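Quick note: residue numbers are just sequence positions, from 1. These figures come from a predicted structure and were not determined experimentally.
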Amino acid sequence: MPIRALFCASVVLSAVVATGADAQSAIPTSIPGATSAAIPAIPEPMIFDMVRPLGARRGELEVNALAQVNISGPGRHVEWAPEVEYAVADGFALEIELPFTNSRPTDYKIGLQGTFGTFRGGRSIHGVQYLGLHNRRDGGWSSSLLYLLGNRFGERLSTMTMVGAGDVTLKSTKGTGLIVNHTTFWDVDPDTVLGFEVNRQTGASRYWLLMPQLHHAIGQKVSAQIGAGTERSATGPFRPRVGLRVIREF
């Protein structure tokens, strides 16, 4: 019950309208549907990665890799995935990802993401994301479609909420459920962000993830995200889990 209460409270926070708050690090955009000449600077969740930030500009290129492992229980294999993300037009980006378990490639993954526009004077932004996953072992294909909503509440606080349907936990390719991923961010300084990510999926691949995380810029184009939290799959208890994502932008 405490986990459900925390999850609901964090999601509700993203819907709160912060009157008088200014967008931080506003970036000029030519995205159709934008009600402002700028977009809000909102970090990306560490685990449920986005295809570049919403409002990405044409030509943006990113290469990154995420590694995760449970540090207790029977399944302590390393799950990791390199990926390439590219904005082919203002507000529209695609990605190609190759998930691995230890040294074995398990899937082929593609992602498409579009930005609808901004509102609240450039303090909110929304869009849509499609993810497709082809399993190399059984040949199965799973998809997810999510609505994305980012909000900035002043200079330090921001949120990213993703709601949709599908199966992207990599635990199974059978069954469709509701996916909700919500992350609350706090900008400590221009180079450091604290985040708390909550992921919930229902259906055959029901899943919980709670991941406190730290984002830090190592240089102008390189950054890292590190997290330590807990997850629970369809069966079994919550188990401690750690993750690291390294990002290089071009």
Side-chain angles (χ1 to χ4, degrees), residues 11 14-15 17-18 21-64 66 81-97 109-133 143-155 157-166 168 179-185 187 190 193 195 197 199 215 217 220-221 223 225 245 247-250:
V11 172
S14 71
V17 176
D22 294 325
Q24 184 188 40
S25 302
I27 304 170
T29 182
S30 59
I31 299 166
T35 61
S36 170
I39 60 173
I42 299 173
E44 299 179 70
M46 185 183 90
I47 302 300
F48 206 125
D49 190 32
M50 296 167 61
V51 188
R52 296 296 299 156
L54 287 174
R57 291 173 293 178
R58 181 173 181 248
E60 291 184 5
L61 175 64
E62 175 186 314
V63 176
N64 73 76
L66 170 69
E83 62 183 84
V84 178
E85 303 173 358
Y86 181 69
V88 298
D90 285 353
F92 183 77
L94 58 83
E95 75 170 20
I96 300 175
E97 182 176 336
K109 182 178 176 181
I110 63 169
L112 304 173
Q113 184 175 290
T115 303
F116 293 147
T118 60
F119 53 101
R120 293 179 58 231
R123 298 189 298 272
S124 296
I125 189 167
H126 61 150
V128 64
Q129 182 188 88
Y130 168 80
L131 297 174
L133 192 73
S143 297
S144 66
L145 186 65
L146 300 104
Y147 171 73
L148 281 55
L149 172 64
N151 285 299
R152 175 151 289 280
F153 305 99
E155 294 184 356
L157 179 64
S158 61
T159 61
M160 176 57 65
T161 305
M162 311 164 76
V163 181
V168 292
I179 301 171
V180 180
N181 186 277
H182 177 83
T183 310
T184 301
F185 301 103
D187 295 4
V193 175
E197 182 174 356
N199 183 265
H215 302 191
Q220 186 176 5
K221 296 291 185 179
S223 60
Q225 303 171 350
R245 186 184 294 277
I247 303 162
R248 174 67 163 95
E249 297 178 89
F250 296 89

Yes or no on side chain to side chain contact (heavy atoms under 4.5 Å, CB included) for D49 and R245, after CA distance, side-chain angles and deciding distance?
CA-CA 10 Å; D49 190 32; R245 186 184 294 277; 3.3 Å; yes

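- Dense packing is recorded around CZ of R248, with more than 12 heavy atoms of other residues, nucleotides or ligands lying under 6.0 Å away.
- With sequence neighbours left out, the salt bridge (Lys or Arg N to Asp or Glu O under 4.0 Å) criterion links E95 to no other residue.
- Among all heavy-atom pairs drawn from E60 and A56, the shortest one is OE1-CB, 3.3 Å.
- Side-chain contact between V51 and Y86: absent, with no pair of heavy atoms (C-beta onward) separated by less than 4.5 Å.
- Atoms CD and OG1, on E44 and T183 in that order, are 10.5 Å from each other to the nearest 0.5 Å.
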Under the criterion side chain to side chain contact (heavy atoms under 4.5 Å, CB included), I'd like the reasoning laid out for F185 against M160: C-alpha separation, chi angles, the key distance, then a yes or no.
CA-CA 8 Å; F185 301 103; M160 176 57 65; 4.1 Å; yes

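- Checking side-chain atoms of Q113 against main-chain N and O of L94 turns up no donor-acceptor pair under 3.5 Å.
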The test is side chain to side chain contact (heavy atoms under 4.5 Å, CB included); show your working for E83 and I96 and say whether it passes.
CA-CA 6 Å; E83 62 183 84; I96 300 175; over 6 Å; no

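- To the nearest 0.5 angstrom, L54 atom CG is 5.0 Å from L148 atom CG.
- Between H126 and F119, the ring planes are perpendicular. Angles over 60° get that label, and only those under 30° would be called parallel.
- Here the CG atom belonging to D90 is positioned 12.5 Å from the CZ atom belonging to F92, to the nearest 0.5 angstrom.
- Taking E249 as the reference, R52 meet the salt bridge (Lys or Arg N to Asp or Glu O under 4.0 Å) condition, with sequence neighbours excluded.
- In this structure the side chain of Y147 never reaches within 4.5 angstrom of the side chain of T161, judged on heavy atoms.
- Of all heavy-atom pairs between S223 and A217, the closest is CB-CA, 3.9 Å.
- Taking the side chain as every heavy atom from C-beta outward, R123 and N151 never approach each other to under 4.5 Å.
- Panel note: side chain E197, backbone I47; a donor-acceptor pair is recorded below 3.5 Å.
- Counting heavy atoms from C-beta outward, Q225 and I247 have side chains that approach closer than 4.5 Å.
- Nearest heavy atom pair, residue G122 against residue P40, reads O-CD, 3.1 Å.
- For the pair L133 and L131, the minimum side-chain heavy-atom distance is 4.5 Å or more.
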Residue pair I179, M162: steps toward the side chain to side chain contact (heavy atoms under 4.5 Å, CB included) verdict:
CA-CA 8 Å; I179 301 171; M162 311 164 76; over 6 Å; no

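- The backbone N or O of G55 lies less than 3.5 Å from a partner atom in the side chain of T115, making a donor-acceptor pair.
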Let me see the working for Y130 and S143 under side-chain hydrogen bond (donor to acceptor under 3.5 Å, both in side chains), right down to the final yes or no.
CA-CA 7 Å; Y130 168 80; S143 297; 2.8 Å; yes

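- A salt bridge links D187 with R152: the distance from a Lys NZ or Arg NE/NH1/NH2 to an Asp or Glu carboxylate oxygen falls below 4.0 Å.
- Residues H182 and T159 have side chains in contact (heavy-atom distance under 4.5 Å, counting atoms from C-beta outward).
- For the atom pair CG (N181) and CG (N199), the distance works out to 4.5 Å, reported to the nearest 0.5 Å.
- Of the inter-residue distances, the one linking L157 atom CG with T184 atom OG1 reads 7.0 Å to the nearest 0.5 angstrom.
- Expressed to the nearest 0.5 Å, how far OG of S124 lies from CD1 of I42 amounts to 7.0 Å.
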